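See below for the structure under consideration.
Computed from a predicted structure; not experimentally measured. Residue indices begin at 1 and follow the sequence shown.
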Amino acid sequence: MTELKGALIGCGFFAINQMHAWNDVECASIVAICDRDPNRLKIVGDQFGIERRYSDAEAMFADGGFDFVDIATTVQSHRALVEMAARNRVPAICQKPFAKTLSDAKAMVEACRKAGIALMVHENFRWQTPIQAVRKALVTGAIGTPFWGRFSFRSGYDVFSGQPYLAEGERFIIEDLGIHTLDIARYILGDVGSLTARTRRVNPKIRGEDVATILLDHESGATSIVDVSYASKLSKEPFPETLIELDGSEGTIRLTQGYRLEVNNAQGTTIADVSPKLLSWASRPWHNIQESVYSIQQHWVDQLKRGAEHSTSGADNLKTFALVEAAYDSAAQGKTIDVGAMLR
């Protein structure tokens, strides 16, 4: 099959995982990289054998020779780079958080729609093996109609040592981690009509919130809780696992620490190990996230070749992005927010 050629913009902390994953993805390879930092550009270029290296994205697009672009920069540059891809009619993957504001995100989606190019947000948590296993159990009817859920990521892991900029923003855990957990809630229980959120900053060394609890009213009638924390000191550190509880009309599903999936219904209780694969370039405990990076990038290539819409398309991600904005609004105002109104 024809191999798609890609370009990567941004050679920072997380981009290394994306480059490793691109080496494993079938029918695609990275042929050019771009970063304003010459040291990072050299490190990634040398490590992965990429000869075409740019410090300016406009120059890279002008030279062309690639079928898609993977934007792995921080959020401040996303809109400019996505719109640059749209002007050059190059399909784009964009790292999360997708944009600084919901209005920016809508503009980015519209720019790509007008250009007739695919736009996917690198929202990889839903692609984790254990999350996929929960989804499969639910859609096969194992517990009937779900009416309640909990999606939990509570940890004391030091994420700031590898990504110090996370401690500097006025927003932290909802924007950086909660966005993933909220997307999982949407993926499992469907779109959200309204939400109520509460936040707190426990760590005095950071500017943003490091704890958030969010109550979601799903359009299906189900209710769920998304709770995220980087201030929870546990005897056994669960990072980076998302734990899930689902109650349905015919049974329950529990994804517990250690990637243990328990399904209970009238036929009895089944327990399965849904651990992610440890890829050759991956390392524990990051392997869960690293495998999902490979999975979403393979999905990008497969759907691009088919001309089909992506699971986390820009248009779909607007619904997740709206949940993030609604959560901050709710926490600030102390009231329930109509999510649908934000998207209209």
Side-chain angles (χ1 to χ4, degrees), residues 73-79 82 94-109 121-126 149-155 159-160 163-219 223-232 240 242 312 314-344:
T73 59
T74 53
V75 68
Q76 289 80 5
S77 59
H78 286 177
R79 179 170 179 176
V82 167
C94 184
Q95 186 57 255
K96 66 84 200 170
F98 185 30
K100 287 291 289 181
T101 66
L102 185 57
S103 61
D104 279 349
K106 290 177 179 178
M108 292 153 71
V109 170
V121 180
H122 203 289
E123 182 52 71
N124 60 69
F125 270 41
R126 69 165 70 181
R150 181 183 181 191
F151 305 89
S152 182
F153 191 113
R154 309 193 71 81
S155 169
V159 292
F160 308 108
Q163 298 168 282
Y165 62 87
L166 293 175
E168 299 167 1
E170 293 183 3
R171 293 180 171 188
F172 170 45
I173 203 166
I174 298 178
E175 185 176 81
D176 184 68
L177 173 64
I179 190 170
H180 290 306
T181 322
L182 288 164
D183 186 71
I184 291 171
R186 275 192 60 232
Y187 181 58
I188 299 296
L189 291 178
D191 289 334
V192 177
S194 61
L195 65 73
T196 307
R198 298 291 182 268
T199 61
R200 182 170 178 178
R201 178 171 62 89
V202 176
N203 184 347
K205 297 179 181 179
I206 68 173
R207 293 184 64 195
E209 80 291 349
D210 51 3
V211 176
T213 306
I214 308 169
L215 177 67
L216 306 176
D217 295 308
H218 294 265
E219 293 176 355
T223 301
S224 73
I225 300 164
V226 165
D227 60 288
V228 290
S229 169
Y230 270 125
S232 300
T242 300
T312 57
D316 177 83
N317 194 258
L318 289 179
K319 298 177 182 179
T320 295
F321 196 98
L323 297 183
V324 172
E325 294 301 298
Y328 280 114
D329 286 351
S330 176
Q333 300 175 40
K335 66 179 186 180
T336 298
I337 301 295
D338 181 349
V339 178
M342 301 183 71
L343 291 166
R344 289 193 286 270

key: Pair listing, ring pair (Phe, Tyr, Trp, His ring centres under 6.0 Å) test, anchored in residues 174-205, at least two apart   = F125-H180
request  = Check L216 against A185 and note the closest heavy-atom contact, atom names and distance.
outcome  = CD1-CB, 3.7 Å
query = In Å and rounded to the nearest 0.5 Å, what is the OG1 to CD1 distance from T196 to I225?
reply = 11.5 Å
inquiry  = So does P97 get a backbone contact from the side chain of H78, meaning a donor-acceptor N/O pair under 3.5 Å?
reply    = yes
task = Measure across A107 and R79 and return the closest heavy-atom pair with its distance rounded to 0.1 Å.
result = CB-NH2, 3.3 Å
query = Any Lys/Arg nitrogen of K96 or E123 sitting under 4.0 Å from an Asp/Glu carboxylate oxygen of the other?
reply = no
query = Would you call the rings of F172 and F160 parallel, tilted or perpendicular, where under 30° means parallel and over 60° means perpendicular?
reply = tilted
message = Set out, in order, the CA-CA distance, both residues' side-chain angles and the distance that settles side-chain contact (heavy atoms from CB on, under 4.5 Å) for T73 and Q95, then state yes or no.
response = CA-CA 7 Å; T73 59; Q95 186 57 255; over 6 Å; no
request  = Measure the CG-CD distance between N203 and E209 for me, rounded to the nearest 0.5 Å.
outcome  = 12.0 Å
inquiry  = Using side-chain contact (heavy atoms from CB on, under 4.5 Å), reason through F98 and D104 one step at a time and then give a plain yes or no.
reply    = CA-CA 9 Å; F98 185 30; D104 279 349; over 6 Å; no
note = Residues at least two apart in sequence or cross-chain that pass side-chain contact (heavy atoms from CB on, under 4.5 Å) with A231, listed by chain then number, are V202, D210, V211, S229
request  = Identify the two heavy atoms, one from L182 and one from V226, that lie closest to each other, and give their separation to 0.1 Å.
outcome  = CD2-CG2, 4.0 Å
salt_bridge(E325, R171) N-O dist < 4.0 Å = yes
key: Neighbour count >12 (heavy atoms, 6.0 Å) for atom CD, E170   = no
task = Hey, could you give me the CG/OG1 distance between L166 and T74, rounded to the nearest 0.5 Å?
result = 10.5 Å
R186 and T320: side chain donor to acceptor below 3.5 Å = yes
ask   = Is there a donor-acceptor pair under 3.5 Å between the side chain of H218 and the backbone N or O of G190?
value = yes
message = Donor-acceptor check, side chain of R207 to backbone of E168, threshold 3.5 angstrom: yes or no?
response = yes
query = Can you name the closest pair of heavy atoms from C94 and M108 and give their distance?
reply = SG-CE, 4.4 Å
Check: R154 and V228 side chains under 4.5 Å, non-hydrogen atoms = no
ask   = Taking all atoms of both residues into account, what is the closest heavy-atom pair of A197 and I214, and its distance?
value = CB-CG1, 3.9 Å
message = Distance check, rounded to the nearest 0.5 Å: D217 atom CG versus T223 atom OG1?
response = 5.5 Å
request  = Check T336 against S194 and note the closest heavy-atom contact, atom names and distance.
outcome  = CG2-CB, 3.9 Å
query = Does the side chain of K319 reach to within under 4.5 Å of the side chain of F321, using non-hydrogen atoms?
reply = no
message = Evaluate L323 against V339 for side-chain contact (heavy atoms from CB on, under 4.5 Å), listing each step before the verdict.
response = CA-CA 7 Å; L323 297 183; V339 178; 3.8 Å; yes
request  = State the CG-OG distance between D338 and S330, to the nearest 0.5 angstrom.
outcome  = 12.0 Å
message = According to ring pair (Phe, Tyr, Trp, His ring centres under 6.0 Å), does anything in residues 324-344 pair up with another residue at least two apart or in another chain? List the pairs.
response = none
request  = Would you mind reporting whether L102 and M342 have side-chain heavy atoms less than 4.5 Å apart?
outcome  = yes
Derivation of the side-chain contact (heavy atoms from CB on, under 4.5 Å) call for I173 and E175 = CA-CA 5 Å; I173 203 166; E175 185 176 81; over 6 Å; no
D227 CG to S152 OG distance, which is reported to the nearest 0.5 Å = 3.5 Å
